[in-house]
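Written below as structure tokens is the structure these notes are about.
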Amino acid sequence: MSLKIVTWNINSVRLRLAQVNELAKLAKADILCLQEIKVIDDLFPHDGLKELFPYRAVKGMKAYNGVAILSKLPIIEESRLQWCGKDDARHISATVEAGKAGKIEVHNFYIPAGGDEPDPEINEKFAHKLKFMKEMARWGKKTISPKARRIMVGDFNVAPLEADVWSHKQLLKIVSHTPVETDHLEKVRTTQDWVDAVRHFIPEDEKAFSWWSYRNRDWRASNRGRRLDHIWVTPSLTEHLSGIEILDQTRDWTKPSDHCPIALELSI
DNA sequence: ATGGTCGCTTGGCGA
């Protein structure tokens, strides 16, 4: 069977509810992971989503952050982990039952953006971001299991490779692409030998972006993008990877999110 | 070097 998993930083699920359904059909998503839903659990728009996604796991908060996993496949287990001692809705996981293929564990993260100044001594937000990734690496080591079939997605707010930003040189001191951040993210990746699904299909030296600032008037013309959104899979799933799609056409929709979705197809 | 735009919420924060 084919399984399609999509990640998208939606920047308000209530404002873009119609776009979720549009995207779900466009990408033929079986599982859709959202970040920055910006809503408390009680106000999450279940009614507008339940037809396409009968199973939903939500972790929201007021005004900021918030993550959700929408699924056509039954969710048989959920978890919501706290990071850096904060209850700030940056993680949710769901174990789905994928027919004969068995269980797959999906983790959806919204890593802190980190503010503007890339110095943890003077910028608490940047310190928080680094600490968050350190905790992720510890979590990875602690929960590793060679046979586990696990997928990790989300807005990691880090563009790790040179071709993940529009200008490597100009962004080396810009939060999201500094060496200390890319080192931290690489440590998270190696804890479970995660495979970067986008770079599994797209050569490492080919530019690939998932985010363009709202401040660029013509995002496509200037193309000052970054690849902040990621889909990683455990090595046990590598042989099942069958396709990747960066759905940047959504950036041209009316009232777009500043992030575009990424869709991974697996044959399992 | 600076400012540019969003969303949530209603003054200002976070991205």
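Protein chains get the first letters and strands the later ones, always in sequence-line order, with residue 1 at the start of each.
Aromatic rings from A:W232 and A:F156 are positioned such that their centres are separated by under 6.0 Å. The ring of A:F109 has its center closer than 6.0 angstrom to the ring center of A:W139.
The separation of B:dT10 from B:dG14, taken at their C1' atoms, amounts to 16 Å, rounded to a whole angstrom. Across the C1' atoms, B:dG3 and B:dA15 are found 15 Å apart, a figure rounded to whole Å.
Taking the nucleotide of DNA chain B with the nearest heavy atom to each of A:N11 and A:D155, the more 5' of the two is matched to A:N11. The 5' end of DNA chain B is approached more closely, in terms of each residue's nearest nucleotide, by A:S12 than by the other of A:W211 and A:S12.
In this structure, A:N9 places its CG atom 12 Å from P of B:dC8, rounding to the nearest Å. Whole-Å rounding puts the A:L17 CG to B:dG7 P distance at 15 Å. Here B:dA15 presents its P atom at 9 Å from CG of A:D116, a figure rounded to the nearest Å. Atom NE2 of A:H259 is separated from atom C1' of B:dG7 by 13 Å (rounded to the nearest Å). A:K38 has its NZ atom 8 Å from the P atom of B:dG7, to the nearest Å. If you take CZ of A:F156 and P of B:dA15, they are 17 Å apart, rounded to a whole angstrom. Distance CD (A:E124) to C1' (B:dG14): 14 Å, rounded to an integer number of Å. B:dC6 atom P lies 10 Å from atom CG of A:D258, rounded to whole Å.
Cation-pi check for A:R224 over A:W166 is met; the charged atom lies under 6.0 angstrom from the ring centroid and within 45 degrees of its normal.
Side-chain contact annotation: A:E265 with A:S2, donor-acceptor N/O pair under 3.5 Å present.
Around CD of A:Q249, the count of heavy atoms belonging to other residues, nucleotides or ligands within 6.0 Å exceeds 12.
Of the candidate nucleotides B:dC8, B:dA15, B:dT5, B:dT5 has the atom nearest to the side chain of A:Y214.
Regarding contacts with the backbone of B:dG7, a side-chain N or O of A:R16 is found under 4.0 angstrom from either OP1 or OP2. Here A:K125 reaches the OP1 or OP2 of B:dG14: one of its side-chain N or O atoms lies under 4.0 Å away. Between A:K255 and B:dG7 there is a side-chain N or O to OP1 or OP2 distance below 4.0 Å.
In this structure, A:R14 reaches the sugar-phosphate backbone alone: every heavy-atom distance under 4.0 Å involves primed, P, OP1 or OP2 atoms, never a base.
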